[in-house]
Amino acid sequence: MKLSLKRLFGRSMTGGLDLAEAPPPPSPRSAARKTALVSLALVLAIIGALAGGYYFAMRPVTLRIAVGPANSDDVKVVQTLTQGFAQHKSQVRLRPIQTDGATASANALAEGKVDLAIVRGDLDVPKNAQAVATLRKNVVVLWSVPAKGKKKGAKITKIAQLAGHRIGVVGRTQANVNLLKVILQQYGVDPAKVEIVQFPANEVAEAIKAQKADVYLAAGPVNSRITADAIAASIKEGGTPTFLAIDSADAIAQNHPVYEASEIPAGTYGGSPARPEDEVKTISFSHHIVARKGVSETTIAAFTRQLFAVRQQLVTEFPLAAKIETPDTDKDAVIPVHPGAAAFVDGEEKTFLDQYSDYIWWGLMALSAMGSIGAWFAGYLKKDERDSNNHQRERLLDMIAAARKCETTEELDQMQTEADDILRDTLRCYDHGAIEEGALTAFNIALDQFHAAVADRKTVLMSLPQNLQRAGAQFRAAGNA
């Protein structure tokens, strides 16, 4: 039931003036309007918070990735991926950090300087590293070059014959030397009884021409241009290279889980006759993309998804991208898989609502609880004002009985003035939210009864002669004395 403030004021009279005819004073916003505005502001705040949270969760994230050395295949792959992510405006972007090699990249990840790194599987992998993808697999190629002139000796066809010979290792990384020692030890050859010489990739052809080694080792992808050029240089020097098979590849893989038994297909390095003529058994190891353990599961899942989506589009431009494979998700994997990458591989990626539904739910519950507490506290602060208004309403009810016993119109006018004050206080309490509409309705009923009692009593008094009114007032005054 809606109440008219003008109507309430119109029923109140002071000194014979009808306040309904006077312009009503401006009243503050009603409690209902205030509540609506506060509710609207709260809804807008919640929407703004959700929108801000969504933007924060979906904004592009840049991951630093360590890769090296300069001009290597790994650097080229990462640069291609970086460009691909930027062109597709992906959620995850890359910022390459160039290093001196896989060891330096692993150290950068261990120290927390980068988020991702390209590491070599047969090196010490940082404890905080978790696999995201296998970038490529490298095979070990061992071949002997027939000596010429005075250096000509027995042809080397087996690894067991390498004692007392010089072995040239392609590349400056110590990891390839360590790999050679693993192979030699498997065949009972003491590494101390062989001479190991390392050559940069761009100096291998000159080393072969100068016969600086009897056997050469190269490690890289099956279709590695560096390995192919080195073998081609061996042929130009007037000999036919002999590929040395690692027949004990399975045993090496058993003893060293970072290696796998593999094969070099016949004719991999071209030529006629084909080089090699038959399939050659060897070992392989992987280069991995690893992530720091603390990187968000959601971010790594998004990166892994983008990685394999872009891979398919870059194969024609950069064939090495085709070598990227999903990580090993088995619990006994050499490098444990990152939960984000595992979620992508297993098809268990979480959507935005899956990730943040609990936060949203608890946030709404917290807002609801805060609203209830706030409402209770607001009501508690207005308790005194509400109690005062209750006393005024009781006073108004007492005034109804008193009005029916008044002997003069002056007393009624005084009571009317008091009722006007009570009315103003009541309306102020309603505007402040201290009382509700139901209480205002009850007050209106009491006020109507008071007005009726005053009007009835005035009618009675006006019908009496003036001398009787004065006598009644004097009698009442004497009785009070």
Side-chain angles (χ1 to χ4, degrees), residues 1-35 376 378-481:
M1 176 179 179
K2 300 295 182 182
L3 299 176
S4 170
L5 302 184
K6 182 176 179 180
R7 174 172 172 265
L8 288 175
F9 274 109
R11 297 294 301 274
S12 179
M13 294 176 292
T14 302
L17 296 177
D18 188 356
L19 296 181
E21 297 178 359
S27 64
R29 291 182 180 136
S30 66
R33 186 178 179 187
K34 289 183 179 178
T35 302
W376 174 86
Y380 177 79
L381 292 178
K382 297 172 182 177
K383 181 177 181 297
D384 292 341
E385 189 175 3
R386 186 165 53 251
D387 291 342
S388 175
N389 182 258
N390 289 336
H391 291 310
Q392 289 180 331
R393 187 175 61 186
E394 293 298 326
R395 169 59 182 160
L396 184 62
L397 293 175
D398 294 339
M399 288 167 59
I400 294 175
R404 293 193 177 100
K405 299 177 181 179
C406 284
E407 298 296 337
T408 64
T409 57
E410 288 79 4
E411 293 180 3
L412 293 174
D413 290 339
Q414 291 177 0
M415 296 176 67
Q416 184 67 61
T417 300
E418 184 178 356
D420 290 343
D421 293 337
I422 294 175
L423 172 62
R424 291 188 183 92
D425 290 341
T426 300
L427 293 179
R428 190 179 299 111
C429 288
Y430 177 71
D431 286 334
H432 292 170
I435 62 174
E436 298 179 353
E437 188 172 340
L440 190 63
T441 301
F443 175 81
N444 183 43
I445 295 173
L447 187 63
D448 285 342
Q449 292 296 317
F450 173 74
H451 286 316
V454 169
D456 292 343
R457 189 58 182 171
K458 280 190 175 184
T459 300
V460 172
L461 292 177
M462 294 298 292
S463 64
L464 295 175
Q466 291 294 326
N467 58 349
L468 290 180
Q469 293 185 35
R470 287 194 296 270
Q474 293 173 0
F475 179 77
R476 186 174 60 258
N480 293 335

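FYI, the numbering just counts along the sequence from 1.
- Here the closest non-hydrogen pair linking Ile422 and Arg395 is CD1-CG, 4.0 Å.
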Could you walk me through whether Asp413 and Lys458 satisfy the side chain to side chain contact (heavy atoms under 4.5 Å, CB included) test, starting with their C-alpha distance in whole Å, then the side-chain angles of each, then the deciding distance to 0.1 Å, before giving a yes or no? CA-CA 10 Å; Asp413 290 339; Lys458 280 190 175 184; 3.0 Å; yes

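- Taking Arg428 as the reference, Asp425 meet the side-chain hydrogen bond (donor to acceptor under 3.5 Å, both in side chains) condition, with sequence neighbours excluded.
- Of the inter-residue distances, the one linking Leu397 atom CG with Ile445 atom CD1 reads 10.5 Å to the nearest 0.5 angstrom.
- One distance of note links CD of Glu437 with CG of Asn444; it measures 11.0 Å at 0.5 Å rounding.
- The heavy-atom pair separating Arg393 from Ala442 by the smallest distance is NH1-CB, 3.9 Å.
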Give the C-alpha distance, both sets of side-chain angles, the deciding distance and a yes or no for salt bridge (charged side-chain N to carboxylate O under 4.0 Å, His left out) between Arg424 and Asp421. CA-CA 5 Å; Arg424 291 188 183 92; Asp421 293 337; 3.4 Å; yes

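- Note that the CE atom of Met399 and the CD atom of Gln449 stand 14.0 Å from one another [nearest 0.5 Å].
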Is there a side chain to side chain contact (heavy atoms under 4.5 Å, CB included) between Thr426 and Leu447 once you walk through the steps? CA-CA 11 Å; Thr426 300; Leu447 187 63; over 6 Å; no

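- Here the OG1-CG distance, from Thr417 to Leu412, works out to 11.0 Å after rounding to the nearest 0.5 Å.
- For the pair Arg457 (side chain) and Cys406 (backbone), a donor-acceptor distance under 3.5 Å is present.
- Glu394 is linked by a side-chain hydrogen bond (donor to acceptor under 3.5 Å, both in side chains) to nothing, counting only residues two or more places apart in sequence or in another chain.
- Counting only heavy atoms from C-beta outward, the side chains of Val454 and Met415 never approach each other to under 4.5 Å.
- Exactly one residue among Leu423, Leu427, Asp448 makes a side-chain contact (heavy atoms from CB on, under 4.5 Å) with Phe443. That residue is Leu423.
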